[in-house]
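Heads up, the thing below is written out as structure tokens.
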Protein chains: 2
Amino acid sequence: MHLDEFDRKLLRLLQLDGRLTNNELSQKINLSASQCSRRRTRLEQEGFIKGYRADLDREKLGVGIVNLITVTLATHNRDNAQRFARLVGGLPEVLEAYSLTGEMDYIIKVVTPDLRSLSAFVSDVLLPHESVQHVKTAIVLDTLKEGGALPV
Amino acid sequence: MHLDEFDRKLLRLLQLDGRLTNNELSQKINLSASQCSRRRTRLEQEGFIKGYRADLDREKLGVGIVNLITVTLATHNRDNAQRFARLVGGLPEVLEAYSLTGEMDYIIKVVTPDLRSLSAFVSDVLLPHESVQHVKTAIVLDTLKEGGALPV
DNA sequence: ACTGAAACTTCTGACGT
DNA sequence: ACGTCAGAAGTTTCAGT
């Protein structure tokens, strides 16, 4: 349950490169490979490591347009919030979705191939949905930082 | 340079589990392991795969508070934008930072252990910085979706 | 708890199709 | 471009300290 300095180093290294081998890890933190293996397994089983993801290049994959869309729900009850949650859960262009304090708004991060398809997404998918009242879009001009590592 | 269906399947699978072995991949897409290895290497070298990251649990690591902070810069010239970019680049609690259309605002995603340290971050780090004019904070109440896979 | 070695699995380059 | 195969590398279990 508690993390010592070896565990934290493992987590730091694996955040930067999730495919490091136990051998490579063992050299970087001065611990045997077998211990790295055991600790890594423990960190995975106890849920500190939720998984491993390949980090892909948006532009190369043709979805270079990123948009942050603020969404106001039609009604602010639990049922409607669930409908909205199901909606964004099933939309592959939505990469992140958060509910916020304030006017009980939501903000979602959406990727599309171009501005035309972004516009189509907003007016054909988002706005017509029963749970949504209105949206405010903001296009990302520049990504200063992304995929920052959690401070461990 | 062009991706066929095998490449796309590899990318989809590796987004969901970045530690899949070539053997496991080969079974899932009906291709030999050596071909999976070759294609994976090519996808890495050509930049479709930027890297692999372990996905950690924020709450377990004691940084469960997530905040989206809208930042207005003091002046909207290039130098000031660079100062701000350097600032967020060096702050470990900032996981994402985007510049947006509209009033030339920025939005940053910040994680902290609790509300006290969030408040300290805003008033001791962000607001005093020369590049920043003012900020508007919004606490994340619920994460509906995060780390969504790019549509490939 | 850790190391080191042994048994097993995976990786990857050479070769043939 | 693909599969097969074999040597190299990595993983993980287990005995020993």
Side-chain angles (χ1 to χ4, degrees), chain A residues 1-63 113 147-152, chain B residues 1-63 113 147-152:
Chain A
M1 196 62 216
H2 194 247
L3 300 177
D4 65 13
E5 192 53 35
F6 284 128
D7 293 322
R8 271 191 283 271
K9 276 184 184 162
L10 285 173
L11 292 175
R12 275 196 291 270
L13 289 167
L14 288 169
Q15 276 195 104
L16 299 177
D17 184 355
R19 269 193 101 100
L20 284 169
T21 67
N22 292 323
N23 249 320
E24 291 166 325
L25 289 167
S26 74
Q27 290 168 358
K28 287 175 191 287
I29 69 177
N30 284 330
L31 193 68
S32 68
S34 58
Q35 284 308 311
C36 290
S37 173
R38 270 170 36 83
R39 281 166 181 268
R40 206 158 59 78
T41 308
R42 186 174 68 81
L43 291 168
E44 289 164 5
Q45 283 176 349
E46 293 187 354
F48 291 96
I49 298 174
K50 290 195 290 186
Y52 301 89
R53 317 255 165 266
D55 179 18
L56 307 188
D57 188 298
R58 275 199 291 270
E59 317 243 342
K60 292 227 170 219
L61 292 170
V63 283
L150 288 182
V152 181
Chain B
M1 196 65 216
H2 193 247
L3 300 177
D4 65 12
E5 192 52 36
F6 283 129
D7 293 321
R8 272 191 282 271
K9 276 184 184 161
L10 285 173
L11 292 175
R12 275 196 290 269
L13 290 166
L14 287 169
Q15 276 195 102
L16 298 177
D17 183 355
R19 266 194 105 99
L20 283 168
T21 67
N22 292 323
N23 248 320
E24 291 165 326
L25 289 167
S26 75
Q27 291 168 356
K28 288 177 190 286
I29 68 176
N30 284 329
L31 192 69
S32 68
S34 60
Q35 285 307 315
C36 289
S37 172
R38 236 171 283 177
R39 282 167 179 269
R40 205 158 61 77
T41 309
R42 186 175 67 84
L43 291 168
E44 288 164 5
Q45 283 176 349
E46 293 187 353
F48 291 96
I49 299 174
K50 291 195 288 185
Y52 300 89
R53 317 254 165 267
D55 179 18
L56 306 189
D57 189 297
R58 274 198 293 270
E59 316 243 342
K60 291 227 170 219
L61 292 171
V63 283
L150 289 182
V152 181

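Each chain gets a letter, A, B and so on, in the order the sequences are listed, and its residues count up from 1. This structure is a prediction, so every number in the text was calculated from the model and none was measured.
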### Summary
A:Asp4 CG to C:dA1 C1', in whole Å, measures 10 Å
### Query
D:dT11 C1' sits how many Å from A:Gln27 CD, rounded?
14 Å
### Task
Mind calculating the distance between CD (B:Glu5) and P (D:dC2) to the nearest angstrom?
13 Å
### Message
side chain to side chain donor-acceptor pair (under 3.5 Å) for B:Gln35 and B:Ser32? Distances and angles first, verdict last.
### Response
CA-CA 5 Å; B:Gln35 285 307 315; B:Ser32 68; 4.8 Å; no
### Summary
Rounding to 0.5 Å, atoms CG (A:Leu10) and CZ (A:Arg42) come to a distance of 9.5 Å
### Task
In whole angstrom, give the distance that lies between atom CD of A:Gln45 and atom P of D:dT12.
11 Å
### Task
Answer yes or no: is there a donor N or O on one side and an acceptor on the other, between the side chain of B:Thr41 and the main chain of B:Ser37, under 3.5 Å?
yes
### Where protein sits on nucleotides 4-17 of chain C, one letter per nucleotide: B base, S sugar-phosphate only, - none, heavy atoms under 4.0 Å
B-----SSBBB---
### Task
Indicate yes or no: does A:Arg12 engage A:Glu5 in a salt bridge with an N to O separation below 4.0 Å.
yes
### Query
Do side-chain atoms of A:Gln15 reach the backbone of B:Leu56 as a donor and acceptor pair under 3.5 angstrom?
no
### Which atom of A:Arg39 lies closest to which atom of A:Asp7, heavy atoms considered
NH1-OD1, 3.0 Å
Please list, for nucleotides 15-17 of chain D, all pairs of protein and nucleotide N/O atoms separated by less than 3.5 Å.
none

### Task
Taking all heavy atoms of A:Val152 and all of A:Arg8, pick out the closest pair and write down the distance.
CG1-CG, 3.5 Å
### Query
What is the distance from atom CG of A:Leu43 to atom CG of B:Asp57, rounded to the nearest 0.5 Å?
11.5 Å
### Query
Rounded to whole angstrom units, what separation is found between the CD1 atom of A:Ile29 and the C1' atom of C:dA1?
14 Å
